[in-house]
Structure formats: structure tokens, C-alpha cells
Asker: 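Input: one structure, supplied below.
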Amino acid sequence: AQSVTQLGSHVSVSEGALVLLRCNYSSSVPPYLFWYVQYPNQGLQLLLKYTSAATLVKGINGFEAEFKKSETSFHLTKPSAHMSDAAEYFCAVSDRGYNKLIFGAGTRLAVHP
Amino acid sequence: DTGVSQDPRHKITKRGQNVTFRCDPISEHNRLYWYRQTLGQGPEFLTYFQNEAQLEKSRLLSDRFSAERPKGSFSTLEIQRTEQGDSAMYLCASSLRAGLTTGELFFGEGSRLTVL
């Protein structure tokens, strides 16, 4: 069955520090993987996606993620956190028919000065 | 604004009442999705449409829930005889027919339901 596990419901980093948000997936077919961000009182926005092309995917706002099949992981990173990165981040995997997304529980990122 | 719009943004109702949410997708998008999000959880899939056809419904969509997309444009999600457990954010998203191949669902800001 398709599923996503996000390790750590809350992550706190200092401004300028590395951001690492963890996502592990389970999929019975080659997966499509996504990271979305949700700012307060806003809809989910796509950060980046993996759809079987390059395994290192670059997204908006300096974020990137690497697809590692052997580890069934798709962790999100950013070299230097900004205060504006504070938000909730969701990892998602496509279903077996590539028709819909299955989301993880989310990780809330706090950035402190 | 050409994004996905949802109405109302907030709805407070008493247990047992019926509520209806509306979603207007991006105009050229053929697929429309409904998700539900509760506090501390990620969005959970409810149902999706390809044009006017409802192609899949989640087990979460009990008999009290009904979704329609007449003429393949806007969609409505109705909840009958609301229960406190229905309190959640209801999210609508749309995509092109090959949305997941190109990789993106576009989400609205959601309709928050509070059942007293």
C-alpha cells in the first residue's frame, strides 16, 4: 500500500542553519513524490516533485530533495534557513494509479533568530 | 485571481444541520479533488472527479457526504446531519487531466467547518 511517514512532527532550527525534513515512503509501484508547503491561512503550495527523472530535485525558495530508492526516502533540505521558511511541510506519494496524492502527517518547521 | 477558490472559508454549524461547500477550480483543469484535513494531520483524500464523472471515493466519504460536479466546472461537497467529528478543513484541488504526470495539484485555501 502507498504511504508516507514524516519523521518529526516539529523541527526547530536557527536562522542560517541547515534545514532537513525527513520523509520515507512505501510504494508498490515506482513512485511520484512531492513536497508541499502550507503557510498559515493559505493553501498548500508545491515546493518540488520527483516524477522518475533526475533523483536530485530542486524546487522553489532554495529547497531540494533527493530520491533514494534503496532507502525509500525523499528528504527535503535547504542549506540556510530563513525566518520566512517557518511553515508546515507535507510529503506526498502518488497512489498506484498515479491519480491522487497520499500525504504524510506533516512537519512543522520553526525558525528562530 | 485565477486560482482555486472555495466558499465559504469558514462555517460554524450545529450538530445535525446540513452544510454545503463550493469549489471553483482553475478553469482549464479537468480534475477536481476533495481532501479533508484535521488538526495535526495531513490532508486525507475524499474523492475526485474527471470532468463531471466521480471516479473514486474514499471510505472516509460516508453516506452523509455527497459530492457533485455538474457540467464539469465547479463542485459542491454536502454533508448531511453533521457530527462533531466532521469538524475539519475541507480542501479542494484541481489539476490537468494528466496532473500527476506533470506533478501538481493546485489547492484552494480551504473551507473550515466547526460543528458545535
Side-chain angles (χ1 to χ4, degrees), chain A residues 1-10 21 23-25 27 29-54 57-60 65 67 74 87-108, chain B residues 1-7 9-10 23-26 30-51 53-61 67 88-112:
Chain A
Q2 318 295 99
S3 67
V4 165
T5 301
Q6 292 185 241
L7 299 176
S9 58
H10 291 80
L21 304 182
C23 172
N24 288 88
Y25 70 91
S27 180
V29 298
Y32 290 174
L33 294 158
F34 306 81
W35 277 99
Y36 279 80
V37 61
Q38 187 175 34
Y39 299 102
N41 299 316
Q42 294 188 27
L44 282 80
Q45 302 172 33
L46 182 70
L47 272 179
L48 50 79
K49 62 191 181 189
Y50 166 78
T51 54
S52 74
V57 180
K58 295 186 182 299
I60 62 172
F67 171 68
F74 190 58
E88 188 143 27
Y89 292 79
F90 294 95
C91 182
V93 66
S94 53
D95 72 338
R96 289 178 58 187
Y98 304 102
N99 288 313
K100 65 182 185 290
L101 296 184
I102 298 160
F103 286 86
T107 297
R108 183 167 296 279
Chain B
D1 185 11
T2 57
V4 177
S5 64
Q6 294 188 243
D7 184 70
R9 294 290 311 280
H10 303 275
C23 172
D24 287 272
I26 295 171
N30 296 321
R31 287 197 169 181
L32 186 148
Y33 297 79
W34 286 100
Y35 280 80
R36 181 176 74 181
Q37 187 178 18
T38 53
L39 197 62
Q41 298 297 318
E44 298 173 291
F45 171 77
L46 293 178
T47 188
Y48 87 93
F49 293 83
Q50 171 78 30
N51 297 314
Q54 188 172 20
L55 296 186
E56 186 176 347
K57 294 193 293 185
S58 162
R59 295 173 189 175
L60 294 175
L61 216 64
M89 179 76 85
Y90 290 85
L91 302 174
C92 179
S94 69
S95 75
L96 294 171
R97 182 176 62 85
L100 289 190
T101 302
T102 59
E104 185 165 6
L105 300 188
F106 292 82
F107 282 85
E109 295 181 335
S111 293
R112 181 171 296 284

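Because the structure is a prediction, the values reported are computed rather than measured. Letters A, B, ... mirror the listed sequences (proteins, then strands); counts begin at 1.
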Asker: Can you label the angle between the Phe45(B) ring and the Tyr35(B) ring as parallel, tilted or perpendicular, going by 30° and 60°?
Answerer: perpendicular

Asker: In chain order, what residues pass the side chain to side chain contact (heavy atoms under 4.5 Å, CB included) check against Glu109(B), with sequence neighbours excluded?
Answerer: Arg9(B)

Asker: Using non-hydrogen atoms and a 4.5 Å limit, figure out which bit of Gln6(B) sits close to chain A: side chain, backbone, both or neither.
Answerer: neither

Asker: Under 4.5 Å heavy-atom distance to chain A, tell me which part of Glu44(B) shows up: side chain, backbone, both or neither.
Answerer: neither

Asker: Determine the option with the most heavy-atom pairs under 4.5 angstrom with chain A, choosing from Gly110(B), Pro43(B), Ala93(B).
Answerer: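 Most heavy-atom pairs within the cutoff with chain A belong to Pro43(B).
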
Asker: Which word best sums up how the rings of Tyr36(A) and Phe34(A) line up, parallel for under 30°, tilted for 30 to 60°, or perpendicular for over 60°?
Answerer: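 The rings of Tyr36(A) and Phe34(A) sit tilted, inter-plane angle from 30° to 60°.
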
Asker: Looking only at heavy atoms and a cut-off of under 4.5 Å, which of Leu33(A), Val4(A), Asn41(A), Leu44(A) has the most pairs with chain B?
Answerer: Leu44(A)

Asker: So, taking the atom named SG in Cys23(A) and the one named CZ in Phe90(A), what distance separates them when rounded to the nearest 0.5 Å?
Answerer: 12.0 Å

Asker: According to side chain to side chain contact (heavy atoms under 4.5 Å, CB included), who are the partners of Ile26(B), at least two apart in sequence or on a separate chain?
Answerer: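 Val4(B), Glu28(B), His29(B), Ser94(B), Phe106(B).
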
Asker: Let me know if Gln38(A) has heavy atoms under 4.5 Å from chain B in its side chain, its backbone, both or neither.
Answerer: side chain

